[in-house]
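Only one structure is covered here, and it is reproduced in the block below.
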Amino acid sequence: MNGEHIFLSYQFAAFIAGTFILYYIVPKRLQQWLLLLASLGFYLCAGWTYPIYIITTATAVYMAGYYMGSQDEIYDRMSKRASKEQQRMLKKEFTSKKKTVMLLCLIFNLGILAVTKYSAFFITNINSFLSDKNEISVPDLIVPLGISFYTLQAIGYLLDVYWGRCKVQKNYPKLLLFVTFFPQLILGPISRYSDLSKTLYRKHYFDRIMVGQGLQRILWGCFKIMVVADRLSPAVTELISGADNYTGGYVFILMIFWAIVLYADFTGSIDIAIGIALIFGIRVEENFARPYFSKSVFEYWQRWHITMSKWFRDYVFYPFGTSRTLRKLTIVSKKRFGMKFAKRVSVYTSTMVCWIAIGIWCGAGWRFVLWGLANGIIILISAELEPVYEGFRKNHPLLITSLGYKLFRIGRTFLLMCAIRMIYVYDSAKLSFKQFFRMFTDVFACPVEGEKLLGMGVSATDYIVVAFGVFLMVIISLCGRKQRVSRRLMRTPYVVRYMLLLLLFLTTVMLGKYGLAVDPARFVSE
């Protein structure tokens with residue numbers, strides 16, 4: 001599982017098939033135990049030390065959640081016999097205890113993430129200020145598979161319990177299953193306990209329709225990865241690794257190719273994850289909603305990696321925006337500069353803190369921090385220019401409703417997001433900015449040649465197949481604007497439905513490339 005796309009390995013297919021058969025054979029009361037064993041077994045196969053990390057995280061949030069739940073129960077009993085003043089004092093006391101435990105658990109889990117994922121980054125930056133003799137050795141630590149995802153999911157449960165948004169799960173195996181549920185372990189979606197628990201703990205009977213929908217999603221995900229991403233990824237790898245030889249127009253080509261590979265591989269993996277969950281009767285949240293049809297950067301982040309965007313909105317943006325520190329800053333700003341400026345300080349500070357956090361979560365490197373900052377700055381600039389946009393819309397009502405203007409906004413947003421994404425594509429931010437500017441300065445010095453494009457491990461046939469795959473993805477996206485394609489298929493005649501699915505299966509088998517995909521670490525969080 002090192003470098004290979006785990007979801008497309010024969011071993012994983014056999015693992016899913018075996019688990020699926022057993023799942024509907026064993027007594028219903030054992031289904032949760034089977035899923036838990038399958039999840040831990042899957043994670044164990046990825047790395048024998050990995051389960052130690054994820055079990056530690058799950059155990060920590062379980063114990064903290066259990067304690068906070070018990071404190072709520074004690075408070076409820078004591079408050080019934082207390083006066084209003086005593087209730088107020090008790091509330092303050094028990095809230096303080098819960099907050100202490102919550103913060104300790106939060107720091108503990110974020111500490112594990114920081115040590116495993118960011119130690120090398122921090123030490124490398126410290127060493128840049130030290131002499132060679134005083135340099136600190138960079139530890140060779142194991143970064144557990146999916147730690148960024150399951151840590152956020154566990155912390156989400158912890159904070160929801162603290163805020164009273166969900167009930168405490170007192171059954172340890174059930175909470176462990178929530179944290180380790182294997183389809184979403186690698187790339188998400190990042191589930192909320194209140195959402196996933198609705199179907200995760202039920203007794204599931206074989207549902208032909210749900211299983212069929214799950215298999216359709218798996219097949220569609222395989223098509224995206226094998227027919228589009230895996231065929232085009234060699235060109236992306238070559239363009240990145242040979243940065244000095246590929247400037248000018250090649251950088252623009254990389255922007256477009258990377259957008260295609262990123263979308264096909266990431267959404268394809270999510271499709272497979274959602275499909276696997278469906279065949280077990282479990283629903284997880286959708287993570288993409290036609291993001292490349294967005295008309296603004298703000299809209300883009302409502303459609304791309306939806307569960308991540310919501311997580312940082314609910315657990316970073318809103319809490320920080322209502323924190324005591326920011327309230328004090330708002331009060332000071334109001335006194336000195338007025339209410340209008342004070343409102344901006346609160347919202348803009350929260351936005352930038354949130355996007356810096358997203359950048360850090362995405363990867364251990366300054367280029368990810370800069371990428372996060374760039375997203376935040378552009379969103380804030382768009383907010384400041386909203387009065388200008390509003391005036392333009394009022395003065396040109398016919399233009400803004402025209403298809404041409406809508407396509408212009410979609411194309412503008414797509415290219416803008418491609419440009420921002422270039423910040424982290426290369427190995428360093430310095431090289432990324434250098435290549436970006438060389439895209440304009442080296443247009444004539446390094447002209448795009450057909451022979452070079454065909455010498456990147458991608459043949460003319462590959463380009464034709466990729467173009468066909470992209471065209472099909474666009475058509476499917478357009479068909480799913482008002483209703484999911486799976487539901488549309490269910491309303492078609494039986495023969496037509498299965499002929500289309502058979503055609504998609506044969507196309508994937510015949511046109512799919514069986515090899516290595518782009519390193520998932522390049523886009524696992526973004």
Sub-4.5 Å side-chain heavy-atom contact between [X] and [Y]:
| X | Y | answer |
| --- | --- | --- |
| L380 | M352 | yes |
| L453 | V458 | no |
| P183 | V284 | no |
| I260 | I256 | yes |

Inset, instruction - For S323, enumerate each residue passing the side-chain contact (heavy atoms from CB on, under 4.5 Å) test, keeping only those at least two apart in sequence or located in another chain. - result: F320, T325, L326
Inset, instruction - Look only at the side chain of D265 and the backbone of V261, and say whether a donor-acceptor pair between them is shorter than 3.5 Å. - result: no
Legend entry - Donor-acceptor under 3.5 Å (S432 side chain, M422 main chain): yes
Please determine, by modelled atom types, if [X] and [Y] share a side-chain donor-acceptor pair under 3.5 angstrom.
| X | Y | result |
| --- | --- | --- |
| N287 | T307 | yes |
| D160 | Y315 | yes |
| Y246 | Q435 | no |

Legend entry - Side-chain ion pair, R290 and E299, N-O less than 4.0 Å: no
Inset, instruction - Could you tell me whether R393 and E386 have a side-chain N and a carboxylate O separated by less than 4.0 Å? - result: yes
Ring centroid separation for [X] and [Y], is it under 6.0 angstrom?
| X | Y | value |
| --- | --- | --- |
| H305 | F266 | yes |
| Y292 | Y263 | yes |
| W301 | W355 | yes |

Inset, instruction - Among F149, W311, F368, find the one that has a ring pair (Phe, Tyr, Trp, His ring centres under 6.0 Å) with W361. - result: F149
Legend entry - Summary of side-chain hydrogen bond (donor to acceptor under 3.5 Å, both in side chains) pairs that have at least one residue in residues 444-467, sequence neighbours excluded: R231-D462, S459-D462
Legend entry - From L159, L110, V61, I155, residue fulfilling side-chain contact (heavy atoms from CB on, under 4.5 Å) relative to C105: V61
Inset, instruction - Kindly state each residue pair satisfying salt bridge (Lys or Arg N to Asp or Glu O under 4.0 Å) with at least one member in residues 304-318, sequence neighbours excluded. - result: R192-D314, E285-K310
